[in-house]
Amino acid sequence: MAANGTGLPMARKPLAKIVTEDKQGNGMCHDDSAKGIKAQTIDELHSLQKKRSAPTTPLEGNQGAFASLPDDERRRQQLQSISASLASLTRGAGPKVVRGDPAAKSSQAVEHVAHRHHHHVEAPTISVSDDSSLKFTHVLYNLSPAGYCLCTELYEQAIKYEKGSFITSSGALATLSGAKTGRSPRDKRVVMDDTTQNELWWGRGSPNIEMDEHTFLVNRERAVDYLNSLDKVFVNDQFLNWDPQNRIKVRIVSARAYHSLFMHNMCIRPTDEELENFGTPDFTIYNAGQFPCNRYTHYMTSSTSTDLNLARKEMVILGTQYAGEMKKGLFSVMHYLMPKRQILSLHSGCNMGIDGDVALFFGLSGTGKTTLSTDHNRYLIGDDEHCWSDYGVSNIEGGCYAKCIDLSREKEPDIWNAIKFGTVLENVVFDEHTREVEYGDKSVTENTRAAYPIEYIPNAKLPCIGPHPKNVILLACDAFGVLPPVSKLNLAQTMYHFISGYTALVAGTEDGIKEPTATFSACFGAAFIMLHPTKYAAMLAEKMQKHGATGWLVNTGWSGGSYGSGNRIKLAYTRRIIDAIHSGSLLNATYEKTDVFGLEIPTEIEGVPSEILRPENTWGDKKAYKNTLLKLGGLFKNNFETFTNYKIGKDTMLTQEILAAGPNF
Ligand SMILES: Nc1ncnc2c1ncn2[C@@H]1O[C@H](COP(=O)(O)OP(=O)(O)O)[C@@H](O)[C@H]1O
Ligand SMILES: C=C(OP(=O)(O)O)C(=O)O
Ligand SMILES: [Ca+2]
Ligand SMILES: [Mn+2]
């Protein structure tokens, strides 16, 4: 404290002004402070810390380029469109929508400006009978422009408001998805109306469990009311499908920064200009996942419901925060929309060699689509969802969603390195102090995941499109250990295995050794297909035939015995097998045929021990091998019975051939 030198209480007379001369270099009282801050209060000071930027505070009246009327009008329309999305259908009008975080002082300033200039969107002044229409809903809309990292603001939102959000040592955002750590296919509902009743696949084996329009609206209202009860929601306006002719505009309304960042990473990110001109979305998701559905509602069998309404172009999510529901919900929509345009939607990964040879990787969850399409020697087109049109392939998404249980830097370096700032890391366990992720830890779930923009993979092919596929690789993780590591398929076999969609997983690993369970999922994605499987199969057959693609069956599962006695085939070997497919060398190898499944297996592959190519060789107990093989063959036969009455494609020839292409014994 500066003394006044009088010894009297300082209040008595004004303090003498102390003059400090800044005599440089004389060692005396050098004042190097800056001029002095403009803030009057701590809050104001803090408000200065964060530089206001145009996109999050777009409503200011008269500054620079943003003042021009067309832009202004566009923004007003954007807010109007968001308000319309959030409208209760029964009460007619949408909420008053304001951009920005209600907790941030700057956004209150925006709100004031909005008031003065009537830039917020207000519900038409009908008589107000509910509290939610009296309040503002703050919208965090594609938070920052696409040019720079939106992640920062979403990180902050997550860390501030969402318990369980942390930054890991590599910079990823660790989150928890709550009670649900995987999809809930039994809780999927699809509105059955006059159109969908005839168009969609219903009944046994189908993933589409019916619901009526009224019940959908009940759930929609529940979700919308929940979202409107919050003081802020997140809105992502993004695209699906890199094929510009068949691009779909999607809007995701959600309550969690985690969900918004997830979809930011997973969908195609619009440029600033595309966002400004976004207009009305083609499809909207209402994600009220923190809030359950009402179990007294008709058709509900649990507190979780994911509801698709194709006529309304809407999806409602209640009672699950697993982010994969959003991406896979939209995938279902694509499985409806694309075939109408003669485009085949595929649950597959996709990559391309330097010579332009494209490979598709079909397979159920955990069979290796993401792992094997992410190949350091090839361009990544996408890891999970694609379209095959008359012009070639296109990725539906803008990001990847990798499993990361037991992830290793050595075996999967590209995925490892993609887990950095901006990546959403779901349900992983990390060291409290070092924040190093323990990828081997299954305490939360075995289905730990990383969602990152595709550009995080160094050799991503941008835009994510490519020519017609040369190889169609069907992946199966055969925990029975009887399918060969690789077999070459003829067209009928490819169709047979595509329609079967086999994999075998081992349930409940923590309870000790369990029998593998066979899973058959038509088109390697029955959970997402909307039409009868034979529709997709016929399209695949036609395209493969037309473009001369070769089919392959690759077992990424067990060798030397079933789960418990054998081991999972080394990823390094599977990669050599895939290399040989890509290079074309496997096409010209010497083949021999297997019993029961009648598969053509190569005798040699560079970098792979020859004895593992024939499963029989690797089993100590040959009798057990034969029994297991017959058992699996039987499971295939049983499963395929559902399809024996269906015609595939235009000629019955193919149907007959496909039926004959299964196991024979
Ligand atoms: N031989 C193998 N081939 C492919 N993946 C393997 C193999 N052995 C182990 N894995 C592991 O299996 C998992 C495959 O998962 P992923 O590629 O995410 O599947 P998908 O994308 O089909 O759901 C990864 O964790 C990978 O490390
Ligand atoms: C996200 C999913 O896909 P996959 O496991 O095939 O990557 C899922 O099935 O929930
Ligand atoms: Ca998938
Ligand atoms: Mn995957």
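This one's a predicted model, so the numbers in the text were calculated from it and none came from an experiment. Throughout, residue positions are numbered sequentially from 1 according to the sequence presented. Just so you know, ligand 1 is whichever comes first in the structure, and atom 1 is the first atom listed for that ligand.
- Side-chain rings of F234 and H259 stay apart, their centers remaining 6.0 Å or farther from each other.
- Remark: ligand 2 and S365 share an N or O pair separated by less than 3.5 Å (distance only, no angle test).
- Some N or O of E412 is nearer than 3.5 Å to an N or O of ligand 1, by distance alone.
- Residue contacts with ligand 1, taken as heavy atom pairs separated by less than 4.0 Å, involve L364 solely via the backbone atoms N, CA, C and O.
- When non-hydrogen atoms are compared, ligand 2 lies under 4.0 Å from the side chain of Y322 (C-beta onward) but not from its backbone.
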| field | salt bridge (charged side-chain N to carboxylate O under 4.0 Å, His left out) between R251 and D282, worked out | value | CA-CA 8 Å; R251 168 169 294 170; D282 300 314; over 6 Å; no

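- Coordination check, S365 versus the Mn ion (ligand 4): failed, since every N/O/S atom of the residue sits at 2.8 Å or beyond.
- Some N or O of G366 is nearer than 3.5 Å to an N or O of ligand 1, by distance alone.
- Within 6.0 Å of the NZ atom in K249, the count of heavy atoms belonging to other residues, nucleotides or ligands exceeds 12.
- Residue T370 places no N or O, backbone or side chain, under 3.5 Å from any N or O of ligand 2.
- Below 4.0 Å from some heavy atom of D384 lie the following atoms of ligand 2, by number and element: 6 (O), 7 (O).
- Residue pairs satisfying the side chain to side chain donor-acceptor pair (under 3.5 Å) criterion with at least one member in residues 181-190, sequence neighbours excluded, are listed as follows: T181-T445, D187-S302, K188-S332, R189-T301.
- At under 3.5 Å, a nitrogen or oxygen of I569, whether backbone or side chain, sits near a nitrogen or oxygen of ligand 1.
- Within the listing of ligand 2, atoms 1 (C), 2 (C), 3 (O), 4 (P), 5 (O), 7 (O), 8 (C) sit less than 4.0 angstrom from a heavy atom of R449.
- Contact between N555 and I569 at its shortest, heavy atoms only, is O-CD1, 3.1 Å.
- By the criterion of a heavy-atom distance under 4.0 Å, neither the backbone nor the side chain of L364 is placed next to ligand 2.
- Remark: ligand 1 and T370 share an N or O pair separated by less than 3.5 Å (distance only, no angle test).
- Relative to atom 19 (O) of ligand 1, the option among G368, A402, A572, G557 with the closest non-hydrogen atom is G368.
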